[in-house]
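Model, not experiment: these values are computed from the prediction. First the proteins, then the strands, lettered A, B, ... as listed; each starts at 1. What's counted below: heavy atoms across the whole structure, side chains too, no hydrogens, waters or symmetry copies.
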2 protein chains.
Amino acid sequence: MNSSIKDLLDELKNKNIRLSHQRLKVLEYLILNHCHPTADQIYNALHKDVPTLSKTTVYNTLNALVKANIVRPLNIENAETRYDINTFDHGHFKCESCGDVVDFSINLDALKANDLNNYEITDKNVYFKGICPKCLQI
Amino acid sequence: MNSSIKDLLDELKNKNIRLSHQRLKVLEYLILNHCHPTADQIYNALHKDVPTLSKTTVYNTLNALVKANIVRPLNIENAETRYDINTFDHGHFKCESCGDVVDFSINLDALKANDLNNYEITDKNVYFKGICPKCLQI
DNA sequence: AATTAAATTGTAATCATTACAACTTAGAAT
DNA sequence: ATTCTAAGTTGTAATGATTACAATTTAATT
């Protein structure tokens, strides 16, 4: 379901994205953490291991990966862009209590919009909000 | 399909939102312009007629209307919250060429997520991106 | 090893939104 | 109608995410 790291590296090479130490670290973090982190979360997590890392580089890398279609930006909430490396069709659920964002599977092809017959649709997004089971128990 | 202005006024009264001149102007603008404007667009449009209007008031009004469930905020793009007064079930399409956002009808009840059986879902959002017919012709 | 275009970094700028405190007003009570 | 008070308005300043930029460093090719 998820691409192997090697596949990703090949994809990056094809798209002429240089594999710097910093970029590999950001990629590794996204692969290991499917929690839809913000740029800030990524920066804070990596800064311990890579003290020279700058936040600009995190943004730069994320923008490059988005342009290369390797990660998707999520704009569920204003002023907090999250990043997702999962490429299979899925929706997102955000818990309004704890703030966690989780994936759920959904058939986007089945989502038809008759009003948009003459429109060229390149991107479909679905997100739900509510309360997750963990927070419902409390 | 759209509430009459009188219905809205009643709803506002019920929710203890005072009907100041400024707020009525913002409401009127949203009712007359279903183009999903940003706070800035609303401010610029109204500033001619109401020179004393401040941008803070526009934000304040929009936040009050959102809290009262009279308008919905759209976060399709990062750093640009748009506002929508249409309350019927619908999705949004954003043209990546001209930037326009249009509504389209969609049955949100039919959108099932089996992965979220134990989740309480309070809000469903669907937005598509692509190119609108006008821009396809050019 | 030399070259060069691309990546990295820190700082400063930008832009949407919010915080705040002084002033004004809507709507209720008298 | 007048008074009262909580809520709304305003301008300015603060915040916080993201980008611009210019100097330095590096990846990968010649």
- When you match B:Ala79 and B:Ile17 each to their closest nucleotide on DNA chain D, which lands nearer the 5' end? B:Ile17
- Message: Any side-chain N or O of A:Arg23 below 4.0 angstrom from OP1/OP2 of C:dT8?
- Response: yes
- Please confirm whether B:Phe128 and A:Tyr119 have ring centers closer than 6.0 angstrom. no
- Task: Consider the side chain of B:Thr61, meaning its heavy atoms from C-beta on, and name the nucleotide among D:dT18, C:dT18, D:dT9 that approaches it most closely.
- Result: D:dT9
- side-chain N/O A:Thr57 vs C:dA7 OP1/OP2, d < 4.0 Å: no
- Query: To the nearest angstrom, how far is B:Tyr59 atom OH from D:dG11 atom C1'?
  - Reply: 15 Å
- Please tell me which of A:Asn60 and B:Tyr83 maps to the more 5' nucleotide of DNA chain C, matching each residue to the nucleotide holding its nearest heavy atom. A:Asn60
- Message: Rounded to whole Å, please give me the gap between CG in B:Leu19 and P in D:dA6.
- Response: 20 Å
- Query: Counting only N and O atoms by type, is there a donor-acceptor contact under 3.5 Å from the side chain of B:Asn117 to the main-chain atoms of B:Asn114?
  - Reply: yes
- Within less than 4.0 Å of OP1 or OP2 of D:dT9, is there a side-chain N or O belonging to B:Thr52? no
- What is the distance from NZ of A:Lys25 to P of C:dT9, rounded to the nearest Å? 13 Å
- Task: Figure out the CG/C1' separation between A:Asn78 and C:dT18, and round it to whole Å.
- Result: 11 Å
- Query: Passes side-chain hydrogen bond (donor to acceptor under 3.5 Å, both in side chains), B:Asp103 versus B:His34? Steps please.
  - Reply: CA-CA 9 Å; B:Asp103 293 342; B:His34 286 190; 5.5 Å; no
- Please work out if A:Asp40 contacts a base, only the sugar-phosphate, or nothing of the nucleic acid, heavy-atom cut-off 4.0 Å. nothing
- For A:Glu80 and C:dA16, give me the distance from atom CD to atom P, rounded to whole Å. 19 Å
- Query: Starting at CZ of A:Arg82 and ending at P of D:dT18, how long is that distance when rounded to a whole Å?
  - Reply: 11 Å
- Message: Under 4.0 Å, counting only non-hydrogen atoms across every strand here, what does A:Ser20 touch: a base, just sugar-phosphate, or nothing?
- Response: sugar-phosphate
- What's the closest nucleotide to the B:Asn63 side chain, out of C:dT18, C:dA7, D:dT19? C:dT18
- Name the nucleic acid region contacted by A:Thr81, choosing base, sugar-phosphate or nothing; use a 4.0 angstrom heavy-atom cut-off, strictly under. sugar-phosphate
- Query: For A:Ile42 and C:dT8, what is the distance between atoms CD1 and P respectively, to the nearest whole Å?
  - Reply: 14 Å
- Task: Rounded to the nearest angstrom, tell me the gap between atom NZ in A:Lys55 and atom C1' in C:dA13.
- Result: 16 Å
- Note on the structure: Among C:dT17, D:dT9, C:dT25, the one nearest any side-chain atom of B:Arg18 is C:dT25
- Task: Could you work out which one of C:dT9, D:dT9, C:dT18 sits closest to the side chain of A:Ser54?
- Result: C:dT9
- Message: Let's go through A:Phe104 and A:Val102 carefully: what are the C-alpha distance in whole Å and the side-chain angles of both, what is the deciding distance for side chain to side chain contact (heavy atoms under 4.5 Å, CB included) to 0.1 Å, and is it a yes or a no?
- Response: CA-CA 7 Å; A:Phe104 62 86; A:Val102 299; 5.7 Å; no
- Could you label the plane-to-plane angle of the A:His90 and A:His92 rings as parallel, tilted or perpendicular, counting under 30° as parallel and over 60° as perpendicular? perpendicular
- Item | Beyond-backbone contact of B:Thr57 with B:Val26, side-chain heavy atoms, under 4.5 angstrom | no
- Query: Does B:Gln22 make a side-chain N or O approach to OP1 or OP2 of C:dT25 shorter than 4.0 Å?
  - Reply: no
